[in-house]
Each structure stands twice: as structure tokens, then as C-alpha cells.
Amino acid sequence: MIRGEAKAGVSAGKLNDLAESFIRDHGATPSFKNLYGYPYTLITEVNDEVVHGMSPDSKILPDNSIISFDCGAIYQGMYSDMCILMSFGDIGKEGELLVQKTEESLWAGIKAVKAGKRVGDIGHAVDKVLQDAGLGNVLDLGGHGLGYKPHDAPHITHAGRPGTGSRLMENMVIAIEPMVTLGSGEVYFEPVPGSGIEIVKTVEGCMSAHIEHSVLVTKNGYEVLTDVPVEEMFR
């Protein structure tokens with residue numbers, strides 16, 4: 001729904017309100033609102049904002065930008081988590097590569113999921129795509145388990161060695177979410193006064209991209225729970 005409404009010149013606050021209304025109208029509760037002090041339903045990340053971007057009415061989506069929208073819901077006690085990646089206008093060849101490879105790295109990580117595999121298999125698959133493309137991989141943050149809590153074990157670093165780290169178990173749900181930059185992948189944490197929230201930004205001020213799916217680990221592979229066709233959402 002947000003993908004269809006988002007465009008340059010639109011207020012992040014308007015999109016936030018639409019997201020909250022949509023979630024509540026479908027019998028769910030926004031999972032990010034008031035989580036760790038975050039005041040919005042929708043996280044809006046623009047250009048150098050890697051994660052935790054705010055969504056006030058005063059934040060107008062700029063043209064020629066890369067923008068990610070991170071959102072989650074609680075339904076019957078269970079948490080979801082996903083982030084969509086968009087671009088508006090002319091983002092240049094480097095920006096186009098960033099968007100393309102960020103999405104490609106997510107699916108490389110997803111395809112490494114199977115009961116009995118390990119989180120290092122996921123991280124290795126993600127990082128290989130990004131290293132081959134010469135992009136910065138943000139390793140100060142990572143993916144995570146989820147289910148009855150918004151963030152649970154295992155932590156998933158988006159780099160690693162195959163066959164290492166926590167084992168993936170059948171019926172586990174994990175969130176894989178590469179965070180990628182046109183720079184080194186190094187970030188800093190900028191406090192938002194009065195909120196307890198820190199917006200994570202690239203140290204170089206360069207463009208970044210963030211994308212995420214919630215994935216069910218199955219005996220023979222995976223099921224992407226947040227890869228929902230538009231027509232299914234509006235039933």
C-alpha cells in the first residue's frame with residue numbers, strides 16, 4: 001500500500017498515518033510505534049539514513065533519492081517485520097547499482113536458508129554480492145529472529161563464514177535485512193533529542209539502502225512471509 005502512495009513531495013507523516021490506519025483496519029497493531037521510544041508506525045529512511053529514520057509531517061520525500069520504508073505489525077500476538085526499497089527520480093548509475101545489488105543480496109541470503117544451515121551461510125551469501133559489487137556492508141547492525149517478540153535470537157550479521165554461527169531450525173522465523181552504502185559501510189548514531197532514538201547514518205554522508213523480508217525456515221528451504229502480492233493485501 002505504501003509503495004503505491006509514496007512519491008517525491010509527499011510527507012512521511014502522511015504515509016505514516018496511512019500505514020497505521022491500514023494496519024489497524026486489518027485487526028493488527030503497529031509494532032514499531034512506541035517500541036524503544038520510537039514515536040511512529042512507519043520508519044522512513046532517506047539517502048544517508050541507514051535505519052531508524054523519523055516520519056514527521058515536516059519530512060517531505062525528496063526527488064532524486066533512495067528511500068526505504070520499514071514497518072511491522074502485531075497480529076494475534078505474533079510480530080512481522082519488513083522493509084521496502086524505492087527510488088525517486090535520477091539517482092545516478094551508482095545509486096541504481098546500490099538499489100539493484102541490495103535487493104540481490106537480500107535474495108541471496110534468503111536462498112541460503114534451510115533447516116540445518118547456519119546464520120554464517122546467510123551472511124556469507126549477502127556479503128559476497130556486496131563485496132563483488134564494491135559496496136559498503138553495514139555490519140554494526142543486522143537481522144534477527146522474530147515471532148512473539150519484535151527482536152529475538154539469532155542475531156544475523158550480513159557477513160560470515162559458511163557453516164558457522166547459530167543453527168537454523170525448522171519453523172524458526174527470521175528477518176534478513178541487508179543495509180548497504182556507497183561508502184565504507186561505516187555508520188554513526190545520531191541521537192534524536194527527547195526520544196531515546198538514534199538515527200543511524202553513513203559516516204561519509206553517502207547514499208544507503210535497506211531492505212528486509214521475514215522468512216520462515218522450512219525443512220527443505222524457506223518461505224518468504226512478507227513477499228505478499230498486492231492483490232492479496234487488499235482482499
Under the side chain to side chain contact (heavy atoms under 4.5 Å, CB included) criterion, do Tyr38 and Met54 qualify, and how do the steps go? CA-CA 8 Å; Tyr38 187 76; Met54 293 288 179; 3.7 Å; yes
Is there a donor-acceptor contact under 3.5 Å from the side chain of Ser105 to the main chain of Val126?
no
Rounding to 0.5 Å, atoms CE (Met82) and CD (Glu212) come to a distance of 8.5 Å
Distance col, row Asp48:CG vs Ile199:CD1, nearest 0.5 angstrom, shows 9.5 Å
Cluster overlap Val217 with Leu225, hydrophobic side-chain contacts below 4.5 Å: no
Requested in this report: Side-chain contact test, heavy atoms from C-beta onward, threshold under 4.5 Å: evaluate it for Met86 versus Arg3 and give yes or no.
Outcome: yes
Heavy atoms of Tyr148 and Tyr79 approach each other most closely as O-CE1, 3.4 Å
Please tell me if the side chains of Asp70 and Asp81 come closer than 4.5 Å, counting only heavy atoms from C-beta onward. yes
Inspect the contact between Glu170 and Lys219 and indicate whether a charged nitrogen and a carboxylate oxygen are less than 4.0 angstrom apart.
-> no
Which of Leu85, Val99, Thr44 passes side-chain contact (heavy atoms from CB on, under 4.5 Å) with Ser68? It is Leu85
| Going only through I, L, V, M, F, W and Y residues with side-chain contacts under 4.5 Å, is there a path from Val224 to Ile176? | yes
d(Met207 CE, Leu135 CG) to nearest 0.5 Å is 13.0 Å
Worksheet item: Under 3.5 Å, is there a donor-acceptor pair between the Ser65 and Asn47 side chains?
Response: yes
When rounded to the nearest 0.5 Å, the distance separating NZ of Lys114 from CG of Asp121 is 11.0 Å
Shortest non-hydrogen pair, Ala73 vs Ala28, comes out as CB-CB, 4.2 Å
Heavy-atom nearest pair, Val187 first then Phe189, reads CG2-CE1, 4.2 Å
Would a hydrophobic clustering, with Ile, Leu, Val, Met, Phe, Trp and Tyr connected at side-chain separations under 4.5 Å, put Ile211 with Val215?
yes
So side-chain hydrogen bond (donor to acceptor under 3.5 Å, both in side chains) across residues 94-103, not counting sequence neighbours, yields Lys101-Glu104
Original post:
Which is it for Leu106 and Val129 under the side chain to side chain contact (heavy atoms under 4.5 Å, CB included) test, yes or no, and what are the steps along the way?
Top reply: CA-CA 9 Å; Leu106 169 65; Val129 172; over 6 Å; no
Going only through I, L, V, M, F, W and Y residues with side-chain contacts under 4.5 Å, is there a path from Tyr40 to Ile84?
no
In short, Ala175 meets Leu146 closest at the heavy-atom pair N-CD2, 3.8 Å
inquiry  = I'd like to know if the side chain of Ser208 and the backbone of Thr181 have a donor-acceptor N/O pair within less than 3.5 Å.
reply    = no
Apart from Val203 itself, its cluster of hydrophobic side chains linked below 4.5 Å comprises Tyr188
Smallest heavy-atom separation, Arg167 atom then Met172 atom, equals O-CE, 3.9 Å
In short, ring-ring contact (aromatic ring centres under 6.0 Å, His included) pairs touching residues 48-70 with sequence neighbours left out are none
Next on the checklist: Test your reading of the model: is there a side-chain donor-acceptor pair from Glu5 to the backbone of Ile2, 3.5 Å cut-off?
Outcome noted: no
Kindly determine whether Val180 and Leu98 satisfy side chain to side chain contact (heavy atoms under 4.5 Å, CB included), including the steps that lead there. CA-CA 7 Å; Val180 189; Leu98 175 63; 3.6 Å; yes
Could you check whether any side-chain heavy atom of Leu168 comes within less than 4.5 Å of a side-chain heavy atom of Val119, counting everything from C-beta outward? yes
Tell me which donor-acceptor pairs under 3.5 Å the side chains of residues 13-21 have, and how far apart each pair is, sequence neighbours excluded?
from	atom 1	to	atom 2	distance (Å)
Asn16	OD1	Thr41	N	2.8
Asn16	OD1	Leu42	N	2.9
Glu20	OE1	Lys33	NZ	3.2
Glu20	OE1	Thr41	OG1	3.0
Glu20	OE2	Arg24	NE	3.0
Glu20	OE2	Arg24	NH2	3.2
Glu20	OE2	Lys33	NZ	3.1
Ser21	OG	Asp17	O	3.1

Hydrophobic cluster membership, Met78 vs Val173, 4.5 Å side-chain cutoff:
no
- Query: Distance-only, no hydrogens or angles: does the Asn64 side chain make a donor-acceptor pair with backbone N or O of Asp90 under 3.5 Å?
  - Reply: yes
Note to self: Strictly distance-based, threshold 3.5 Å: is any side-chain N or O of Arg118 a donor or acceptor partner for the main-chain N or O of Ser166?
What the structure shows: no
- Message: Please check: side-chain N/O of Ser184 versus main-chain N/O of Glu186, any donor-acceptor pairing under 3.5 Å?
- Response: yes
NE2 (His144) and CG (Asp152) are apart, to the nearest 0.5 Å, by 10.0 Å
* Ile23 vs Cys71, side chain to side chain contact (heavy atoms under 4.5 Å, CB included): CA-CA, chis, key distance, verdict -> CA-CA 10 Å; Ile23 290 169; Cys71 195; 3.8 Å; yes
Rounded to the nearest 0.5 angstrom, the NE2-OG distance for His151 and Ser31 is 8.5 Å
Determine all donor-acceptor pairs shorter than 3.5 Å in which one atom belongs to a side chain in residues 154-163; sequence neighbours excluded.
from	atom 1	to	atom 2	distance (Å)
His155	NE2	Thr157	OG1	3.4
His158	NE2	Glu177	N	3.1

Of all heavy-atom pairs linking Tyr75 and Gly27, the shortest is CD1-O, 3.6 Å
So ring-ring contact (aromatic ring centres under 6.0 Å, His included) across residues 83-142, not counting sequence neighbours, yields Trp107-His213
